[in-house]
Amino acid sequence: MTADETITREGLAARDVADPLARFRDRFVLPAGLVYLDGNSLGAMPRAAARRVGEVAGREWAEGLIRSWNDAGWIDLAPRIGEKIGRIIGAAPASTMVADSTSVNLFKLLAAALRLRPGRRIILSEEGNFPTDLYIAQGLAALRGDGHELRSVAAADIPAALDENVAVMMLTHVNYHTGAMHDMAALTAQAHARGALALWDLAHSAGAVPLALAAAGADLAVGCGYKFLNGGPGAPAFLHVAPALQAQIRYPITGWLAHAAPFAFEPGFRPAPGIAAAAVGTPPVLSLASLECGVDIALEAPIDQVRAKSLAQTALFMRLVEERCAGHGLAIVTPRDGQRRGSQVSLRHESAWPIMQALIARGVIGDFRAPDVLRFGITPLYLRHAELWDAVEVLRDILATGAWRDPRYEARRAVT
Ligand SMILES: *Cc1c(COP(=O)(O)O)cnc(C)c1O
C-alpha cells in the first residue's frame, strides 16, 4: 500500500482474502465480536490445545497414571518442545530447553554468566527493560554481594557502557513498552569485543519476528511460552545456551532433573551433559501439552510471511490512528522504521487507562502499561486487516464522544 492510497474497509477485507496466512486463523479459537490485540501478552488458544489437554488429562493422566511418564513420553516433552523452539529462534540443535518461567530462567542464566566471567561484577541492561528482568538482576547482585550490581543505561548508551567490568549484557530484544527492537547481532558483537556475554530476552520476539541466535552469536537467551508462541496461560518458558558454553556453564539451581542420572538417586549432584543440565524439577505436563500445540503452529507458519504481515499491520494501524484519531492527544511511541520495531503498536495518552477500559468494554482488547501507554499486540497468525480498521473506528468513537470519561472506566484492577 502506498502512502497516498486511500484506505477503505473494503480494500482491507480484500487483502484479508488474499492473505497467505489466512488459513491459520481457523487454527485458533477467537470469540465472536472481539478484536484481540493482546496476543503479545496472552496468545489466543489453538483449537488443538483444548483437544490435546483434554486427551492428556483424560487418558494419559486418568488412565495411564504414573506409567505415562514413560508410555506417553511425558519425560521427553520438555526437551522435545525445546528443540522445536530452538528451530523457531534460529539456535543450534541441542541448545534450547523448556523449563520454569522466564523469570526463573533469567536467574539461572544470569548467575551462570557471572560464574563464567569471574572478576567482572556488572550486569548491564537497559532502562525501561521489563521489570522482572531488572528485579531478578537486582536480587542476584544482592545475593552475590561483593560489588556485584545491575547497571541500567539508556539504549543508546549501551555500547559505551560495555567496559571491562561487565560480565553480561542482558537485553530484551523487543521492548515490551515501546515495541522497539534491538539489532541483536550488532550488540552481541559489541559485547563480545569487550569480553562480556550477551543474554537476550526473547519474550516479545519468539514467534513474532525472524530470529537467528546462532548467526548472531548470542550466548544465552530466555523467552516466554504464552505470548506469540500461544502456549497458554502460565505456559513454561524456554532458555538457550550456545553450544560453545555448555561444557563450562554451571547453573545455580541443581535439581534432580538436571542430574546426569536422575533415577540413580545418588547423594551427590552430577550435571547432565549439554542443555539438559538447565532443567530443575518435574515439568508441568498439562502446560507442556498445550505449549506444544502453539509451538507447532509457529513452526508451520513461514516466519517471513508472518513478519511481512506484522510490518504491514503495524504500519496500517499507525496510519489509521494518525488519519482517523488526530487531535485527541495520542502519540505513537513505536518506531516508524520497520526494521526497528517488533509486532506491537504503543500509543501514549495521559488518560490511557480509562481509554483502554472503554475499548475493552467495546470488544477491542489491548492492554495498558503504566504510566500512560495503550498497547496493541499484532498477531499475524489470526489477525485480519479489517479488524484493525474496526478497532481504530471504536477508538475514534471513544475519543470523539468522550465515552472513556465514564467513571466506571476509572476503576483499577489487579492485572492491567
Ligand atoms: C512477559 C515477559 C516476562 C515474563 O516473565 P514470567 O516469568 O513469565 O512472568 C519476562 N520478561 C519479559 C521481557 C517479558 O516481556
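Hydrogens, waters and symmetry mates are skipped; everything else that's a heavy atom, side chains included, is used. For ligands, and for the atoms within them, numbers begin at 1 and follow the listed sequence.
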If you count the atoms of ligand 1 from 1 in the order shown, which ones are under 4.0 Å from a heavy atom of [X]?
X      : value
Thr172 : 13 (C)
His204 : 15 (O)
Ser101 : 7 (O)

With under 30° as parallel and over 60° as perpendicular, where do the rings of Trp404 and His349 fit, or are they tilted in between?
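Correct class here is perpendicular.
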Can you label the angle between the His204 ring and the Tyr176 ring as parallel, tilted or perpendicular, going by 30° and 60°?
tilted
Does atom CZ of Phe269 have more than 12 heavy-atom neighbours, drawn from other residues, nucleotides or ligands, at distances under 6.0 Å?
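Yes.
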Taking [atom] as the reference point, the nearest protein heavy atom with its distance:
atom                    : answer
atom 4 (C) of ligand 1  : Tyr226 OH, 3.2 Å
atom 14 (C) of ligand 1 : Lys227 NZ, 2.8 Å
atom 7 (O) of ligand 1  : Ser103 OG, 2.6 Å
atom 5 (O) of ligand 1  : Thr102 CB, 3.5 Å
atom 10 (C) of ligand 1 : Thr132 CG2, 3.5 Å

Below 4.0 Å, non-hydrogen atoms only: which portion of [X] touches ligand 1? Side chain, backbone, both or neither.
X      : value
Cys224 : side chain
Ala203 : side chain
Asp133 : side chain
Asp201 : side chain

Salt bridge present between Glu83 and Arg80 (N-O < 4.0 angstrom):
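Judged by the 4.0 Å cut-off on N to carboxylate O distance, Glu83 and Arg80 do not form a salt bridge.
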Is a salt bridge present between Glu292 and Lys84, judged by a nitrogen-to-oxygen distance below 4.0 Å?
yes
Yes or no on ring-ring contact (aromatic ring centres under 6.0 Å, His included) for Phe263 and Trp256, after CA distance, side-chain angles and deciding distance?
CA-CA 9 Å; Phe263 286 87; Trp256 73 308; 5.2 Å; yes
Establish, for the pair Lys227 and Phe238, whether the NZ or CZ atom is under 6.0 angstrom from the six-membered ring centre and no further than 45 degrees off its axis.
no
Quick check against the 3.5 Å criterion: does Arg120 have a side-chain atom that pairs as donor or acceptor with the backbone of Asn165?
no
